[in-house]
Amino acid sequence: MAKPNASVADSTVVYQLSLLEQAINAPLLVVGYGSPMKACVKACVKNECSQIWVTGTKDKEKGFSCSGSARVALLGDKFDARLFTNVYAVIQAAKMCGAGALLVCDTNFVADPLLRMVAHQNGICVLSPMEKDRSHSLWVECHPDPAFAEHEPNWRRCPKCKMYHDEQPVLATGGVCPTCGELYRLTSSERIALLFDEGSFEEWDASMDESDPLEFPQFNELIEKQRARSGFDEGVRTGKVKLDGREVALCIMESTFMMGSMGSVVGEKVTRAVERATDEGLPLFIFTASGGARMQEGLVSLMQMGKISAAIERHGRAGLLYVSVITDPTTGGVTASFAMQGDIIISEPHALIGFAGRRVIQDTIKQTLPEGFQTAEFALEHGLIDAIVERSDLKECLSRILALHSAPKEVELDQNVARVVPGGGAVRAMLRAAQDAVAVRQDDKVEEGALSRLAGEVGKRINVKGSFSLKRALKKRGVADAPSVMPLKKASSKEDNPAWESVMIARNIHRPTSQYYINHMVDGFFELHGDRMFADDGAIIGGIGWIDGMPVTVVAEEKGADLKQRIARNFGCPQPEGYRKSLRLMQQAEKFGRPIVCLVDTQGAFCGMEAEERGQGNAIADNLVAMAGLTVPVVCIVLGEGGSGGALALAMGNRVAMQDHAVYSVLSPEGFASILWKDRTRAAEAAAVMKMSAREACDMGIIEEVVSEGDGPAHENPEQAAAYVEEFVTRSLRELYRLSPEELRDQRYERFRAF
C-alpha cells in the first residue's frame with residue numbers, strides 16, 4: 001500500500017476512487033477550485049463515479065461543472081477563494097447535495113481538525129489525495145482528532161466577510177475573523193472576559209423597569225423579544241471592574257439588544273454609573289456600540305443625551321478620568337453625546353462612527369459618499385478621536401492610560417528628587433517595548449492620513465507619488481517667514497558669525513527631530529491625535545507618558561526624519577488644528593495635574609489661505625493666553641528652529657532652554673533681510689543682527705539655559721544630545737514640582753513680564 005499523505009498523521013485507510021462511491025453509498029463532493037479540482041473531477045469520471053459534485057459559486061457555476069461532468073454545490077453567490085476553506089460553507093454544501101465523502105484538494109485545509117470533527121458529526125467522510133499519486137485515484141481517509149471529539153461548534157457570522165466561523169477559536173483571538181481579519185462584535189460578557197481581571201466585575205443596576213412614554217404599539221412585546229434573543233435585559237451593562245488591580249467604573253453597550261439603541265433605561269443606567277463613579281472617585285470607561293436614540297421612546301430618548309452629558313461634566317469637574325472606547329457601530333445620539341466626550345477617545349479599527357446615517361446624508365445632499373466615510377480611520381484623520389487601537393493591544397493600552405492617571409498628584413520629595421514610580425524597572429522596560437511597537441504603527445497612520453489631507457494643500461502643488469528633490473518640494477509650499485529648510489547659498493559671511501552657523505546646523509536635515517527625543521526620554525508614550533474639530537495635524541505630536549517616573553504631557557513640533565515624513569508633517573509647520581490639538585492636551589494636563597513638556601522645532605506657523613481661513617492667528621493667540629494661566633509646570637526647549645509666533649505658541653514655559661545649536665527669532669533671517677533691506681542674500685548678516693543663537697538668547701534673558709549637544713552638533717552624536725535634553729527636562733520638572741499652582745502661574749507671569 002502506498003504511503004499516506006504525511007500531513008495527516010491519523011490517516012489509516014486508503015480508498016480507490018472506483019470503489020469509494022460504492023463503499024459510502026452516497027455522492028462525492030470535490031472541495032477545491034482551479035487545476036486541482038479539475039484533475040480530481042477527471043479522475044472521478046475515469047473511475048466511473050456516477051454522483052460527482054463540486055464546490056463552487058453561483059457566478060461561475062458553469063465553469064465549475066467541468067463541461068457537465070459534475071454538479072455544483074454552491075458555497076456563495078460570488079467567487080471568493082476563502083469560501084473553499086471555510087468549514088461552515090463546505091459542510092453546508094455537503095449537506096445540500098447529500099454527500100457522503102469530501103475529496104479535499106487542499107492538504108492544508110484537510111488537516112484542519114474542525115473540518116474533520118464537524119464532518120464526522122454529520123456522518124461525512126473526509127479524504128485527502130495520496131501523496132505523489134498523479135492519477136488522483138487513491139484517497140486517504142482522515143479521522144477526527146480525539147481532542148475535538150466533544151466539541152460542539154457555535155457558529156457566528158463575521159459582519160465584514162459574512163462567513164461563519166466557530167465561536168471558540170474566534171473569541172480566543174479577541175474576536176478577530178480568521179478569514180478577513182476584521183472584528184466581530186463582542187457582547188459585554190465577552191469584553192469583560194477579554195480585557196479585565198477575572199472575576200472582578202460587580203454589576204450595578206442589573207434590572208430596571210422599562211418605560212413606554214409614547215405607549216408605542218407592542219413596545220413591551222418588542223422588549224421581551226429582544227431579551228430572549230440577546231440574553232440581556234437592556235442595551236447596556238454597568239458596574240465596577242478591575243484592570244490590572246485598579247478599579248474602574250464600566251459601561252458596555254450591547255449591540256445585540258436593539259443595536260444598543262439609547263432609551264430611557266439605557267440613559268438612566270449610564271447616568272447612575274457616572275454619578276456613582278463620581279461619588280466613589282473612580283475613573284470611567286464606556287464602550288459604545290449603538291444605532292443612536294431609541295425611536296420608540298421619542299423625545300424622552302433624546303433627553304438621555306443631555307442627562308448623561310450633565311453627569312459626565314460633573315465627573316470631569318471632579319478631576320476624574322473618562323475614557324471612551326468606540327466600537328462598531330457608534331452613531332446618532334450616542335456619537336453626539338457621551339461617545340465623543342471622553343478625556344481620551346479610542347476606537348477599534350474600521351468602526352462605523354457618525355451622527356447622521358449614510359443613507360440619510362446621501363438622500364439629503366444627493367451625492368454618493370466616498371469609500372471609508374464615517375469610519376474610525378476617517379475620524380482619526382479629521383481629528384475627532386485620539387487613537388485607533390488594535391483589539392489585541394487594547395488591554396495594555398487601557399492599563400497604561402489608567403496607570404498614568406492613577407499616580408498621586410502630590411509628589412513626595414526625597415533627596416531633592418520629585419518622583420512618581422509607575423512600577424519599577426520591569427514595568428518601565430515593558431513600556432519601552434510597547435512604545436516602540438505602537439510608535440511604528442501610529443507613525444504610518446499619521447503619514448497616510450497627512451498625505452491624504454495634503455491633497456488640498458501641499459499635495460495640490462507637489463506630486464507626492466512622483467520623484468522630486470527636496471529643493472523642488474520646498475519651493476512649492478508656503479511657510480510663514482521661512483521659505484526653505486536649507487540656507488540660501490548666497491547668504492554667507494566671512495566674519496565670525498555664530499548665529500548663521502547655528503542657522504545652518506539647526507536646518508541640517510539629519511538633525512534629530514522631536515520624535516527622536518520623545519522615544520529616548522518618554523516611557524510608555526501614548527500619542528493622542530486631533531483637535532476634535534477638523535483634522536489631526538502631523539506637524540504637532542502630543543501625548544502622555546512618563547519621564548523619570550513622572551507622568552507628563554508632551555507636546556512637540558515635528559519636522560519628520562525623512563522626505564516622506566517631512567511632507568506628511570508639513571515640514572514641521574503647524575496649522576490651526578495643530579495648535580488647537582496642543583491647547584486641548586494642555587488643558588487636559590491641567591485637569592489631571594500633569595506637568596507639560598514642550599519640544600519646539602519649527603520654521604514657523606504654516607502660511608496659506610487655508611490656514612488663515614481656519615484662524616491661524618486665533619489658534620496661536622488661544623495657546624498663548626492658555627499657557628500663561630496654566631497651574632501645572634511647563635518646561636520648554638527649542639531643539640532646532642524656533643521661528644516666530646509659531647514657536648512661541650509652545651514656548652510659554654516656566655523653564656525655557658535651547659540646544660547649543662538651536663536658533664530662536666522673530667522671523668527667518670531671509671525674511672528679515674527681505675523686509676528691512678529688500679535683499680534676501682543678506683540673510684547671514686540678518687542672523688547676526690537678530691542675535692538668533694542660543695548663547696545670545698541666553699545673554700538677553702530670553703531663555704534660562706543653553707543645553708549642550710555633546711561632543712559635536714546633535715546630528716553627529718544624537719544619543720549624547722538626547723541625554724542632555726532629558727537631564728534638563730528631568731531637573732526642571734523636579735524643581736518646579738515644589739511650586740504651588742499659584743506660584744507656577746505667577747513665576748511664568750513674572751518671567752515674561754520682565755521683557
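None of the values given here were measured: they were computed from a predicted structure.
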Note to self: Under a 3.5 Å distance rule, please check whether Q603 uses its side chain to pair with a backbone N or O of C573 as donor and acceptor.
What the structure shows: no
Next item on the list: Please report the closest heavy-atom contact between F525 and R400, naming both atoms and the distance.
Entry: O-NH1, 3.1 Å
Note to self: So that I can tick it off, tell me whether E704 and R751 are bridged by a salt bridge, with the cut-off set at under 4.0 angstrom between side-chain N and carboxylate O.
What the structure shows: yes
Check: With no hydrogens and no angle check, is any side-chain donor or acceptor of T335 less than 3.5 Å from a backbone partner on G354?
Finding: yes
Checklist line | Name of the residue among D531, D622, D536 meeting salt bridge (Lys or Arg N to Asp or Glu O under 4.0 Å) with K581 | finding: D536
Margin query: Show the nearest heavy-atom pair for residues L583 and A626, with the distance to one decimal.
Written below: CD1-CB, 3.2 Å
Next item on the list: Starting from the C-alpha separation in whole Å, work towards a yes-or-no answer on side chain to side chain donor-acceptor pair (under 3.5 Å) for R511 and H661.
Entry: CA-CA 10 Å; R511 189 175 179 84; H661 293 292; over 6 Å; no
Notebook entry, point to check: Donor-acceptor pair, E558 side chain versus T513 backbone, under 3.5 Å?
Noted result: no
Check: Does K160 NZ have over 12 foreign heavy atoms under 6.0 Å away?
Finding: no
Next item on the list: Examine W677 together with F672 and report whether their ring centres are nearer than 6.0 Å.
Entry: yes
Item checked: Pair D537 + R569, salt bridge at N-O below 4.0 Å -> no
Check: In a check of side-chain contact (heavy atoms from CB on, under 4.5 Å) between V597 and each of V522, T553, L733, V725, which one passes?
Finding: L733
Checklist line | D386 with R584: basic N within carboxylate O range, under 4.0 Å | finding: yes
Note to self: Salt bridge check, R695 against D660: does any charged N sit closer than 4.0 Å to a carboxylate O?
What the structure shows: yes
Notebook entry, point to check: Does S399 use its side chain to pair, donor to acceptor, with the backbone of K395 at less than 3.5 Å?
Noted result: no
Check: At their closest point, which heavy atom of F728 faces which heavy atom of C636, and how far apart are they?
Finding: CE2-O, 3.8 Å
Check: Is it true that a side-chain atom of N717 and a backbone atom of E709 form a donor plus acceptor pair closer than 3.5 Å?
Finding: yes
Notebook entry, point to check: Do T327 side-chain atoms and T288 backbone N/O form a donor-acceptor pair below 3.5 Å?
Noted result: yes
Next item on the list: Please report the C-alpha distance between N654 and Q747 in whole Å, then the side-chain angles of each, then the deciding distance to 0.1 Å, and finally whether the side chain to side chain donor-acceptor pair (under 3.5 Å) criterion is met.
Entry: CA-CA 7 Å; N654 298 96; Q747 187 268 344; 2.6 Å; yes
Item checked: Neighbour count >12 (heavy atoms, 6.0 Å) for atom CD, E719 -> no
Checklist line | Main-chain N/O of R655 paired with E735 side-chain donor or acceptor, under 3.5 Å | finding: no
Next item on the list: Report the C-alpha distance between E501 and N497 in whole Å, list the side-chain angles of each, state the deciding distance to 0.1 Å, and finish with yes or no for side chain to side chain donor-acceptor pair (under 3.5 Å).
Entry: CA-CA 6 Å; E501 181 182 0; N497 190 342; over 6 Å; no
Checklist line | SB check R614 E610 (cutoff 4.0 Å) | finding: no
Next item on the list: List the steps, then state whether side chain to side chain donor-acceptor pair (under 3.5 Å) holds for Q659 with Y517.
Entry: CA-CA 12 Å; Q659 282 190 297; Y517 292 98; 3.0 Å; yes
Note to self: Check whether S514 reaches the backbone of E557 with its side chain - one donor and one acceptor, N or O, closer than 3.5 Å.
What the structure shows: yes
Next item on the list: In sequence, state the C-alpha distance, the side-chain angles, and the governing distance for V656 and I637, and then conclude on side chain to side chain contact (heavy atoms under 4.5 Å, CB included).
Entry: CA-CA 6 Å; V656 183; I637 180 167; over 6 Å; no
Next item on the list: Report the C-alpha distance between L744 and L736 in whole Å, list the side-chain angles of each, state the deciding distance to 0.1 Å, and finish with yes or no for side chain to side chain contact (heavy atoms under 4.5 Å, CB included).
Entry: CA-CA 8 Å; L744 287 167; L736 294 172; 4.1 Å; yes
Notebook entry, point to check: Under the 3.5 angstrom rule, does the side chain of S674 hit a backbone N or O of G671 as a donor-acceptor pair?
Noted result: no
Next item on the list: Grab the two heavy atoms, one from R748 and one from V632, that are nearest each other, plus how far apart they are.
Entry: NH2-O, 3.0 Å
Next item on the list: Look at the aromatic rings of H520 and Y516 and report parallel, tilted or perpendicular, splitting at 30° and 60°.
Entry: parallel
Notebook entry, point to check: Can you find a pair of side-chain heavy atoms, one from I346 and one from I326, that are under 4.5 Å apart?
Noted result: no
Note to self: Under the criterion side chain to side chain contact (heavy atoms under 4.5 Å, CB included), I'd like the reasoning laid out for I385 against R532: C-alpha separation, chi angles, the key distance, then a yes or no.
What the structure shows: CA-CA 7 Å; I385 61 177; R532 301 274 178 91; over 6 Å; no
Margin query: For the backbone of M340 and the side chain of S324, can you confirm whether one donor and one acceptor N or O come within less than 3.5 Å of each other?
Written below: no
Check: Between R682, K678, R680, R507, which is the residue that forms a salt bridge (Lys or Arg N to Asp or Glu O under 4.0 Å) with E670?
Finding: R507
Item checked: side chain to side chain contact (heavy atoms under 4.5 Å, CB included) evaluation trace for L667 with M690 -> CA-CA 9 Å; L667 79 170; M690 289 194 291; 4.1 Å; yes
